[in-house]
Protein chains: 2
Amino acid sequence: MTSDHASVVSLNLFVALLCACIILGHLLEENRWINESITALLIGLFTGVFILLTTGGKSSHILLFSEDLFFIYLLPPIIFNAGFQVKKKQFFRNFITIMLFGAVGTLISFCIISLGAIHFFQKLDIGSLKIGDYLAIGAIFSATDSVCTLQVLNQDETPLLYSLVFGEGVVNDATSVVLFKAIQNFDLSHIDLNTALQLIGNFLYLFIASTVLGVFAGLLSAYIIKKLYFGKLIRHSTDREVALMVLMAYLSYMLSELFSLSAILTVFFCGIVMSHYTWHNVTESSRVTTKHVFATMSFIAEIFIFLYVGMDALDIEKWRFVSQSPRKSIGVSSLLLALILVGRAAFVFPLSFLSNLLKKSQSEKIELKQQVTIWWAGLMRGAVSIALAYNQFTRLGHTKLRENAIMITSTITVVLFSTLVFGLMTKPLVRLLLPSSKHVVSLPTPPSTPKSFTVPLLGSGEDSWANGGTHNGPPPSTLMMLLSCIPTRGVHHYWRKFDDSVMRPVFGGRGFVPYVPGSPLEQSVHQWHCT
Amino acid sequence: MTSDHASVVSLNLFVALLCACIILGHLLEENRWINESITALLIGLFTGVFILLTTGGKSSHILLFSEDLFFIYLLPPIIFNAGFQVKKKQFFRNFITIMLFGAVGTLISFCIISLGAIHFFQKLDIGSLKIGDYLAIGAIFSATDSVCTLQVLNQDETPLLYSLVFGEGVVNDATSVVLFKAIQNFDLSHIDLNTALQLIGNFLYLFIASTVLGVFAGLLSAYIIKKLYFGKLIRHSTDREVALMVLMAYLSYMLSELFSLSAILTVFFCGIVMSHYTWHNVTESSRVTTKHVFATMSFIAEIFIFLYVGMDALDIEKWRFVSQSPRKSIGVSSLLLALILVGRAAFVFPLSFLSNLLKKSQSEKIELKQQVTIWWAGLMRGAVSIALAYNQFTRLGHTKLRENAIMITSTITVVLFSTLVFGLMTKPLVRLLLPSSKHVVSLPTPPSTPKSFTVPLLGSGEDSWANGGTHNGPPPSTLMMLLSCIPTRGVHHYWRKFDDSVMRPVFGGRGFVPYVPGSPLEQSVHQWHCT
């Protein structure tokens with residue numbers, strides 16, 4: 001029935017490989033070294049080799065890496081889920097530190113990598129790169145991929161660290177893409193103060209406009225679902241609610257693309273607002289469903305990307321130039337890896353010091369071991385780097401120019417090396433640095449499994465800026481939390497008041513929707529207003 | 001970031017329209033006439049007019065109707081969900097009647113429409129259609145679309161009728177597509193007994209092989225998930241389970257496409273097996289999630305199709321030939337509608353009579369009013385007809401030939417007319433014929449809303465061939481059911497034994513997975529072994 005037999009074959013192979021990755025990832029869960037991303041990358045590489053051999057060296061991939069596929073279909077669910085599942089309490093409590101790392105840190109890293117590239121690449125003689133290319137290289141290699149580390153870190157044992165790495169990862173993705181766009185929007189043949197100011201202005205505009213659009217889309221979805229109140233109808237109500245949430249989240253992403261804003265930021269904030277308001281306006285089954293749907297979509301997209309990158313890496317054509325001058329390519333890749341290591345160290349340790357100065361309580365300070373973990377977590381480079389590199393260096397013909405071909409292969413080399421070598425060392429390293437430490441404030445597990453749905457200590461930190469206690473009275477750690485959050489009372493306190501008196505009556509949210517029996521999440525409402 | 005601005009615009013518009021359809025559909029829920037499909041079709045038509053006016057008559061659609069999109073992405077979730085949510089007890093109890101209507105009935109309808117077309121079209125002089133074309137027309141217009149009626153029928157008030165219309169719809173879809181494929185596979189320039197036998201043989205092969213593949217894929221997924229038992233791990237277990245179920249269901253569909261089988265049948269039986277075995281092997285939250293994910297995907301796909309058909313219907317180019325000979329086109333469309341009415345009446349009433357002869361209990365006989373409803377339910381033609389017509393009549397150049405253009409526009413006319421006119425009359429007609437009748441055996445609501453998750457009378461008929469009682473002792477209707485199912489004890493009884501002693505220990509399923517606290521679905525295990 002379908003027109004193209006080849007596309008059916010490749011879809012079959014791809015779906016089968018995805019299944020294999022999930023099953024293998026599960027079986028290797030207890031393994032010391034491997035995690036899900038590395039499994040997918042390795043399976044992708046092996047499949048690439050296999051296809052290369054069966055097709056007689058003609059091709060190694062069944063699907064060409066397409067920027068559109070990545071930015072329109074794979075990235076939105078990942079970033080939206082990040083916003084939807086983020087522990088908002090932790091995220092907003094550490095907001096300043098996260099923005100320091102994610103935005104300022106990425107800018108520092110960008111500057112170091114760009115300047116380093118300008119300085120050293122000219123000695124290597126790899127062709128005529130323009131100033132715009134050097135700045136793009138800075139942006140490309142500032143985009144971290146902290147999935148590997150997040151898979152190892154335990155959100156309950158080290159909530160501060162997890163929230164910092166997680167938050168930095170999302171803000172970093174957005175910052176590097178916004179930076180990349182801002183660079184492409186300008187004619188950088190002659191840089192003066194005016195251009196630089198415009199660049200900064202453009203960056204800030206993209207940042208703010210994207211956030212506003214995301215918040216608006218989230219609030220709109222909350223308002224619509226609250227007004228219509230689908231729950232009162234039996235038939236299709238859950239389908240409608242889930243469909244509307246998914247579609248409106250996607251709409252926010254696409255609208256942002258349409259207005260040339262940063263879709264990543266938009267969908268991230270849309271996710272945060274949806275989990276704070278919209279999620280509480282829907283029926284219990286819609287809540288369970290959306291929670292897992294978003295997580296599953298993100299999970300599949302992540303595996304898909306690693307599989308894809310692994311398979312695409314072996315494309316013969318790209319490596320032709322490399323085989324002519326292997327030393328030069330190795331030089332460029334090593335240099336870039338060195339710049340990444342230095343560029344990240346150059347902001348993690350100083351900014352941690354700065355952040356520690358701002359915090360008064362000991363539990364919120366970032367210890368040296370944690371600083372090393374944060375530094376390590378951001379060393380991996382992933383699909384965002386590859387997508388940006390493709391965008392920058394394949395626009396003028398498919399890697400026909402030597403310098404473009406070298407940059408593409410170097411990006412792939414850096415991504416593969418950092419994900420495989422650094423990624424494999426992550427599990428042992430994190431276990432060495434943080435031996436199942438219980439010294440940080442412990443938060444209960446989020447309700448992501450049926451088990452936790454029966455545990456009374458539930459959902460805290462998961463769906464409110466303001467929350468943190470339980471039904472059964474505060475355990476010691478909650479008391480500690482209560483003490484530690486007094487200093488930051490200011491802004492949060494007023495936000496709470498505003499949220500309760502203005503926002504929630506209009507947009508719904510926890511405590512402002514009818515009580516549904518059997519919903520354990522409703523039990524801890526208005527118990528502790530700490531933050 | 002994305003290469004194609006136009007595609008971003010159209011994606012935005014489409015997603016926004018989908019949201020509008022869902023919201024409007026909800027608001028019009030109480031309306032006497034309108035239902036969700038008609039809303040989507042009308043919104044599609046209005047958008048088509050709007051685009052037509054703004055582009056100055058150049059184009060009416062933002063996406064061209066693509067067979068691939070329909071058969072690879074939109075149809076699988078709809079059919080899979082049909083299999084997954086089907087009340088298996090009702091489905092298998094009425095299996096013979098459903099197969100009579102769905103397979104035999106479709107064949108009768110196919111013969112009448114084909115013969116009628118051969119007989120009358122030659123008088124209309126619409127060009128040189130070959131014998132293969134006439135047979136294809138028979139298959140195209142035998143594909144019913146009972147969505148409109150199913151949206152009106154109440155599954156709890158008229159379970160027999162609902163199950164017949166629903167079951168016939170799915171089997172009919174599969175039969176007409178298989179028939180269409182079988183016709184295309186043969187050189188029909190000279191028909192003799194040999195060709196006819198081969199055609200029947202091909203049809204049976206497609207039917208059986210597709211079913212076996214679907215059952216195999218479903219059992220494989222059950223076995224894998226049971227063996228791995230994801231539930232024991234906290235992290236990602238639900239994501240993994242949901243992802244595996246979605247991916248394996250899709251894989252079964254694509255594999256069937258790869259082997260040139262009937263993917264519709266495969267994915268339907270995969271859905272049935274998955275809900276009988278796999279669904280019981282996963283965690284409680286995975287169960288809630290998958291149930292609603294599949295329903296939501298199907299819901300979105302359905303709306304998408306109607307929106308799409310509405311928008312595509314106004315494509316100017318197709319109507320050029322019609323404007324040259326409007327009478328001829330109206331003649332063809334009217335003729336086809338008449339053939340549809342006759343072709344359906346020719347099997348619904350005789351086959352109902354036959355089915356009533358086979359049934360002994362009064363409650364299982366199909367009354368005349370119900371026969372009329374069944375007849376009416378299958379008068380609408382939908383996206384399957386359009387997709388098949390496109391496949392048959394646009395292969396040799398895009399509607400350049402006059403007879404092809406006339407057939408395409410006639411298909412669109414028949415689909416629009418039947419969906420809008422017949423569709424609008426469905427709600428009043430069903431209410432007139434079946435005034436909220438409670439005289440048929442009543443089954444409790446399926447657990448599609450949070451409310452029903454707290455009701456003790458739960459999930460019966462939903463997830464087992466063998467089930468029908470509750471925790472609290474049988475209410476009168478259950479007793480009646482118990483009596484009425486004794487005659488059909490034979491085959492079902494042995495299947496039950498086989499299922500309990502061989503299948504469930506290997507593949508899991510209800511009662512063969514560890515008891516999860518808080519799962520109400522586990523409570524009624526092994527209480528009543530009636531069917």
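Below, chain A is the first sequence line, B the second, and so on; all start at residue 1. Every heavy atom of this structure was used, including side-chain atoms; hydrogens, water molecules and symmetry mates were not.
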- Message: Please give me the minimum heavy-atom distance between A/L251 and B/A16, naming the atom from each residue.
- Response: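 Smallest interatomic distance, heavy atoms only, reads CD1-N, 3.9 Å.
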Say you draw a straight line from [atom1] of [X] to [atom2] of [Y]; how long is it, rounded to the nearest 0.5 Å?
X      : Y      : atom1 : atom2 : answer
A/L228 : B/I23  : CG    : CD1   : 6.0 Å
B/M254 : A/S10  : CE    : OG    : 8.0 Å
A/I224 : B/C19  : CD1   : SG    : 7.5 Å
B/L247 : A/F304 : CG    : CZ    : 10.5 Å

- Query: Are any non-hydrogen side-chain atoms of A/S286 and B/H292 less than 4.5 angstrom apart?
  - Reply: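 No, their side chains stay 4.5 Å or more apart.
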- Task: Would you check if B/L11 and A/Y250 make a side-chain contact, meaning some heavy-atom pair closer than 4.5 Å?
- Result: yes
- Given a strict heavy-atom distance threshold of 4.5 Å, which part of A/L27 is in contact with chain B: side chain, backbone, both, or neither? side chain
- Per-residue contact mode, A/I300 against chain B (heavy atom under 4.5 angstrom): side chain
- Query: Who are the side chain to side chain contact (heavy atoms under 4.5 Å, CB included) partners of A/S221, not counting sequence neighbours?
  - Reply: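 Here the qualifying residues are A/M248, A/M274, A/T278.
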- Query: Would a distance-only check, ignoring hydrogens and angles, find a side-chain to backbone donor-acceptor pair under 3.5 Å from B/N12 to A/L255?
  - Reply: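 A pair under 3.5 Å: yes.
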- Item | Single hit among B/T290, B/V293, B/D239 for side-chain contact (heavy atoms from CB on, under 4.5 Å) with A/T296 | B/D239
- Message: Looking at chain A, which one of B/V242, B/V246, B/I303 has the largest number of heavy-atom pairs inside 4.5 Å, strictly under?
- Response: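 With the most close heavy-atom pairs to chain A, the winner is B/V242.
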